[in-house]
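Notes follow the structure.
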Amino acid sequence: MTEAERTITTPDGPDEAPGTAAEAQDAAPRTEASGAGPAPDEPSRRRRVPVLIAVAALAYLLDVLSKLWVVHSLEHRDPIRLLGHYLQLDATRNAGAAFGMGQGMTIVFTLIAVGVIAVIVRLSRRLYSTPWAIALGLLLGGAFGNLTDRVFRSPGGFQGRVVDFIAPEHFAIFNLADSAICCGGALIVLLSFRGVDPDGSRHQD
């Protein structure tokens, strides 16, 4: 074999195959340009609308099912004592707001419920905080629960009376929708106090 043939067929180093360096240089730009893999904080920036919908659906379903049971099994019957006289289940119809407030203002509270739902839908566009999603879901499910009574229960015409049945001693009678609304509102106050915004950011007062 001549010196020229050995120069052509022999690699420059013992561990390096011909073309390896060129292939590595070509591969590096392709990998960098592809931008493979999400940014480290991408999962935390996903909108929490599914959480809101799931919480709202659960709150609404529990409220509707509990009211159906109350109407068919408890209304016009003696109250059921759960904790003696401290807590009873006693069916009643409420023309006012939560806890029996505002009797005679049914239409007003119906419009307020519609407004609350519209605001929650608008907020969902920038909802990245799970606690906020839970809070707004509770509000949404509770508002829909009582709004369903306003629309479909007698006397109708958006003036239907809401079914209440949870009766603690020395306190107003309420339902699960009222409870969801109060819990959601309390959570919103807590999040605001801690400086947590619906988009997941924090602010300092």
With side chain to side chain contact (heavy atoms under 4.5 Å, CB included) as the criterion, how do Val162 and Asp178 come out once you've worked through the C-alpha distance, each side chain's angles and the decisive distance to 0.1 Å?
CA-CA 10 Å; Val162 174; Asp178 298 334; 5.6 Å; no
Using side-chain heavy atoms (C-beta onward) and a distance below 4.5 Å, is Phe171 in contact with Ile166?
no
Trp132 side-chain N/O to Arg48 backbone N/O, donor-acceptor pair under 3.5 Å:
no
Determine yes or no for a side-chain-to-main-chain donor-acceptor pair under 3.5 angstrom, with Asp197 supplying the side chain and Asp199 the backbone.
no
Acceptor/donor pairs from residues 83-92 side chains to any protein atom, 3.5 angstrom cut, sequence neighbours excluded:
none

Please list all pairs passing the salt bridge (Lys or Arg N to Asp or Glu O under 4.0 Å) test where one or both residues lie in residues 165-174, with sequence neighbours left out.
none
Heavy-atom nearest pair, Val55 first then Gly137, reads CG1-C, 3.7 Å
Separation between CZ of Phe152 and CG of Leu147, rounded to the nearest 0.5 Å
8.5 Å
Could you tell me the separation between the CG atom of Leu187 and the CG atom of Leu136, rounded to the nearest 0.5 Å?
9.0 Å
With the 4.5 Å side-chain cut-off for hydrophobic clustering, are Leu138 and Val114 part of the same group?
yes
All N/O donor-acceptor pairs, side-chain side in residues 64-71, below 3.5 Å, sequence neighbours left out:
| unit_1 | atom_1 | unit_2 | atom_2 | d |
| --- | --- | --- | --- | --- |
| Ser66 | OG | Leu62 | O | 3.0 |
| Ser66 | OG | Asp63 | O | 2.8 |
| Lys67 | NZ | Asp63 | OD1 | 3.4 |
| Lys67 | NZ | Asp63 | OD2 | 2.9 |
| Lys67 | NZ | Gly145 | O | 3.4 |
| Lys67 | NZ | Asn146 | OD1 | 3.1 |
| Lys67 | NZ | Asp149 | OD2 | 3.0 |

Interatomic distance, Ile117 atom CD1 to Ile112 atom CD1 [nearest 0.5 angstrom]:
12.5 Å
Do the side chains of Phe174 and Leu82 join up, straight or via other hydrophobic residues, at under 4.5 Å, putting them in one cluster?
yes
Determine which pairs satisfy salt bridge (Lys or Arg N to Asp or Glu O under 4.0 Å) with at least one residue from residues 69-78, sequence neighbours left out, and list them in order.
Glu75-Arg93
CD1 of Ile134 to SG of Cys183: how many Å apart, nearest 0.5 Å?
12.0 Å
For residues Ile120 and Ser124, determine if any side-chain heavy atom of one lies less than 4.5 Å from a side-chain heavy atom of the other.
no
Heavy-atom check, side chain of Asn94 versus side chain of Asn175, under 4.5 Å:
no
Do Arg202 and Val196 have side-chain heavy atoms sitting under 4.5 Å apart?
yes
Once salt bridge (Lys or Arg N to Asp or Glu O under 4.0 Å) is applied, what residue pairs with a partner in residues 122-140 remain, sequence neighbours excluded?
none
Which residues pass the side chain to side chain donor-acceptor pair (under 3.5 Å) test with Thr148, not counting sequence neighbours?
Tyr60
Would you name the heavy atoms of Ala167 and Ile173 that are closest together and state the gap between them?
CB-CG1, 3.8 Å
For a quick test of reading the model, state the closest non-hydrogen atom pair linking Gly141 to Ala59 and the distance between them.
CA-CB, 4.1 Å
Cluster link Ile181 to Val189, ILVMFWY, side chain under 4.5 Å
no
If you apply the rule side chain to side chain contact (heavy atoms under 4.5 Å, CB included), what do you find for Val49 with Ile53, and how did you get there?
CA-CA 6 Å; Val49 176; Ile53 295 175; 3.7 Å; yes
